[in-house]
Colleague: 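Take this structure first; my questions come after.
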Amino acid sequence: GKLKSHWQPQQLLHYASLYQPYFPPGKGWHYANTNYILVGMIIEKVTGMSFSDSLNTYLLSQYKTALPSTHYIPNNARAIQTLVPGFENNHDVSHADASVFGPAGAMISSSQDIAHWLRLLFSSPILTPQSQKNLTQLISIEPTQAGKPLRRAGSQTAQAYGLGLAQLYINKQYGRVWWHNGGGLGYSAMMMYVEKEDAVIVVLHNQQQSPILPNSPLMLSLIDSLK
């Protein structure tokens, strides 16, 4: 029933509005899917197209070679049919309607595409110089310093966040990594760029679980395997 419900952005914002803000504007940091829902609505207003059409027109159609398996999936039955089954509590939930995530994560991809995407962000004209600067302009997400501008993550302030991309200083041995994770009904994902090794690591899992973190034993072992 509810897994197949189709959600409109306005409905998602309504439910978000029922909760109190984590902090006054500009006074902290907290990840929220709601921000991406709002950005999607702004994109629709500016372009006069649906978010899906905008994404295809301005990004996916221009990088079909690098991102052949990446699709925005609400109302995309053909793309959904390509999914590996995803599980939650041993139940197949891959039939769930992804509109509940909207622009915050209703996409499917492959490990190869995600690796290409992370490379594109840092090494191609996919972004203007100003957008590239904004992407990597960091703020601290350490609990005692959340929201404060930060040049880069380090031993004193290990966790930082830009625009949809995080940076973590693990330790002297592993250095800094750029990363982001995500998850939804039946699936988990993690992408990471390791500065010291100039390498990208992507982990996809077809079962919803606790978020995969860049300093987890799994990710550290994968970094070790690069040496």
Side-chain angles (χ1 to χ4, degrees), residues 29-31 33 36 63 65-70 82-90 94 101 104-105 107-124 126-127 132-146 148-227:
W29 180 90
H30 196 286
Y31 177 84
N33 276 6
Y36 291 90
Y63 291 91
T65 303
L67 307 172
S69 301
T70 301
T82 69
L83 282 173
V84 171
F87 297 90
E88 183 177 4
N89 298 324
N90 295 320
S94 50
F101 300 108
M107 297 186 73
I108 60 172
S109 193
S110 66
S111 55
Q112 292 91 340
D113 279 23
I114 295 173
H116 289 153
W117 170 247
L118 196 50
R119 288 286 188 188
L120 284 170
L121 281 179
F122 286 104
S123 61
S124 81
I126 194 169
L127 297 176
Q132 180 77 41
K133 181 180 178 181
N134 292 341
L135 175 76
T136 56
Q137 188 170 322
L138 300 171
I139 60 171
S140 170
I141 58 175
E142 294 284 355
T144 59
Q145 305 175 41
K148 293 183 179 180
L150 186 68
R151 189 168 70 87
R152 62 179 182 176
S155 58
Q156 300 300 313
T157 306
Q159 302 181 79
Y161 205 84
L163 284 183
L165 198 62
Q167 188 182 78
L168 175 71
Y169 177 81
I170 300 176
N171 55 34
K172 188 175 181 180
Q173 176 184 354
Y174 295 103
R176 293 176 188 82
V177 297
W178 291 94
W179 67 282
H180 213 289
N181 58 16
L185 291 169
Y187 303 94
S188 300
M190 170 67 172
M191 67 176 188
M192 181 169 73
Y193 171 68
V194 185
E195 288 187 347
K196 270 194 169 185
E197 308 297 333
D198 186 27
V200 172
I201 299 173
V202 177
V203 175
L204 302 180
H205 195 245
N206 64 328
Q207 183 166 320
Q208 188 174 9
Q209 58 183 24
S210 299
I212 305 170
L213 298 175
N215 55 354
S216 66
L218 169 64
M219 300 308 293
L220 295 183
S221 69
L222 291 173
I223 298 176
D224 289 337
S225 71
L226 299 171
K227 300 177 181 179

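Start at 1 with the first residue, then count along the sequence.
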Colleague: Does the pair Met219 and Leu213 meet the rule for a side chain to side chain contact (heavy atoms under 4.5 Å, CB included), with working shown?
Modeller: CA-CA 7 Å; Met219 300 308 293; Leu213 298 175; over 6 Å; no
Colleague: State whether the number of non-hydrogen atoms from other residues, nucleotides or ligands found under 6.0 Å of Lys227 atom NZ is greater than 12.
Modeller: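 Yes, enclosed.
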Colleague: Would you please test Trp117 and Ile126 for side chain to side chain contact (heavy atoms under 4.5 Å, CB included) and show each step?
Modeller: CA-CA 10 Å; Trp117 170 247; Ile126 194 169; 3.2 Å; yes
Colleague: So, taking the atom named CE in Met191 and the one named CD1 in Ile114, what distance separates them when rounded to the nearest 0.5 Å?
Modeller: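 Met191 atom CE to Ile114 atom CD1 measures 7.5 Å (nearest 0.5 Å).
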Colleague: Has Asn206 got a side-chain atom pairing as donor or acceptor with Pro85's backbone, closer than 3.5 angstrom?
Modeller: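 Confirmed, Asn206 side chain pairs with Pro85 backbone.
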Colleague: Checking Lys148 side chain against Glu142 main chain: does a donor-acceptor pair fall under 3.5 Å?
Modeller: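 A pair under 3.5 Å: no.
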Colleague: With rounding to the nearest 0.5 Å, note down the distance linking OG in Ser111 to NE2 in His116.
Modeller: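 Interatomic distance, Ser111 OG to His116 NE2, rounded to 0.5 Å: 9.5 Å.
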Colleague: Determine whether a donor-acceptor pair (N or O, by modelled atom type, separation under 3.5 Å) exists between the side chain of Ser188 and the backbone of Gln207.
Modeller: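 Such a contact is found between Ser188 side chain and Gln207 backbone.
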Colleague: Any side-chain heavy-atom pair from Leu220 and Ile170 closer than 4.5 angstrom?
Modeller: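 Answer yes - side chains close enough.
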Colleague: Enumerate the residue pairs fulfilling side-chain hydrogen bond (donor to acceptor under 3.5 Å, both in side chains) with a member in residues 156-168, sequence neighbours excluded, ordered by first and then second residue.
Modeller: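 Every pair satisfying side-chain hydrogen bond (donor to acceptor under 3.5 Å, both in side chains) with a residue in residues 156-168: Gln145-Thr157, Tyr161-His180.
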Colleague: Provide the full list of salt bridge (charged side-chain N to carboxylate O under 4.0 Å, His left out) pairs with a residue in residues 201-210, sequence neighbours left out, each pair given once.
Modeller: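 For residues 201-210, and leaving out neighbouring residues, there are no salt bridge (charged side-chain N to carboxylate O under 4.0 Å, His left out) pairs at all.
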Colleague: My understanding is that only residues two or more places apart in sequence, or in another chain, count here; which of them pass ring-ring contact (aromatic ring centres under 6.0 Å, His included) with His30?
Modeller: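 Scan of His30 (ring-ring contact (aromatic ring centres under 6.0 Å, His included), adjacent residues dropped) gives Tyr22.
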Colleague: Taking the side chain as every heavy atom from C-beta outward, state whether Pro214 and Met190 have any pair of such atoms under 4.5 Å apart.
Modeller: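 They are in contact (side-chain heavy atoms under 4.5 Å apart), so the answer is yes.
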Colleague: In Å and rounded to the nearest 0.5 Å, what is the CG to CG distance from Leu165 to Leu118?
Modeller: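 The CG atom of Leu118 is 6.5 Å from CG of Leu165, to the nearest 0.5 Å.
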Colleague: Checking side chain to side chain contact (heavy atoms under 4.5 Å, CB included) for the pair Leu222/Val203: CA distance, chi angles, key distance, verdict?
Modeller: CA-CA 10 Å; Leu222 291 173; Val203 175; 3.8 Å; yes
Colleague: Between Leu226 and Ala199, what is the shortest heavy-atom contact and its length?
Modeller: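 So the minimum-distance heavy-atom pair works out to CD1-CB, 3.6 Å.
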Colleague: Closest heavy-atom contact between Leu204 and Ser109?
Modeller: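 The answer is CD1-O, 4.2 Å.
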Colleague: Quick one: salt bridge (charged side-chain N to carboxylate O under 4.0 Å, His left out) pairs with a partner in residues 197-215, sequence neighbours left out?
Modeller: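 Listed by first then second residue: Arg119-Asp198.
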Colleague: Between Ile212 and Ser216, which heavy-atom pair has the shortest distance, and what is it?
Modeller: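 Where Ile212 meets Ser216 most closely, the heavy atoms are CG2-OG, 4.3 Å.
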Colleague: Can you name the closest pair of heavy atoms from Tyr187 and Ser94 and give their distance?
Modeller: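 In this case the closest contact between Tyr187 and Ser94 is OH-CB, 3.1 Å.
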Colleague: Can you sort out the partners of Arg152 under salt bridge (charged side-chain N to carboxylate O under 4.0 Å, His left out), two or more places apart, ordered by chain and number?
Modeller: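 Arg152: no salt bridge (charged side-chain N to carboxylate O under 4.0 Å, His left out) contacts found.
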Colleague: Which value, rounded to the nearest 0.5 Å, describes the distance between Gln132 atom CD and Thr136 atom OG1?
Modeller: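 Rounded to the nearest 0.5 Å, the CD-OG1 separation comes to 5.5 Å.
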Colleague: Testing the basics here: between Leu185 and Gln208, what is the closest heavy-atom pair and its distance to 0.1 Å?
Modeller: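 Smallest heavy-atom distance, with atoms named: CA-OE1, 3.8 Å.
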Colleague: Donor-acceptor check, side chain of Asp113 to backbone of Thr70, threshold 3.5 angstrom: yes or no?
Modeller: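 Between the backbone of Thr70 and the side chain of Asp113 there is a qualifying donor-acceptor contact (under 3.5 Å).
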Colleague: Start with the C-alpha distance between Asn171 and Asn215, add both sets of side-chain angles, then the distance that settles side chain to side chain contact (heavy atoms under 4.5 Å, CB included), and finish with yes or no.
Modeller: CA-CA 9 Å; Asn171 55 34; Asn215 55 354; over 6 Å; no
Colleague: Which residues pass the ring-ring contact (aromatic ring centres under 6.0 Å, His included) test with Tyr63, not counting sequence neighbours?
Modeller: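 Tyr63 satisfies ring-ring contact (aromatic ring centres under 6.0 Å, His included) with no residue once adjacent residues are dropped.
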Colleague: Are the side chain of Tyr193 and the backbone N or O of Trp178 linked by a donor-acceptor pair below 3.5 Å?
Modeller: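 No, Tyr193 side chain to Trp178 backbone: no donor-acceptor pair under 3.5 Å.
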Colleague: Between Arg176 and Ala153 (side chain of the first, backbone of the second, donor and acceptor by atom type, cut-off under 3.5 Å), is there such a pair?
Modeller: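 Confirmed, Arg176 side chain pairs with Ala153 backbone.
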Colleague: Could you report the tightest heavy-atom contact between Gly162 and Leu138, atom names first, then the distance?
Modeller: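 Of all heavy-atom pairs spanning Gly162 and Leu138, the closest is N-CD2, 3.7 Å.
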Colleague: Within the side chain of Tyr174, is there an N or O that forms a donor-acceptor pair under 3.5 Å with the backbone of Lys196?
Modeller: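 No: the side chain of Tyr174 does not pair with the backbone of Lys196.
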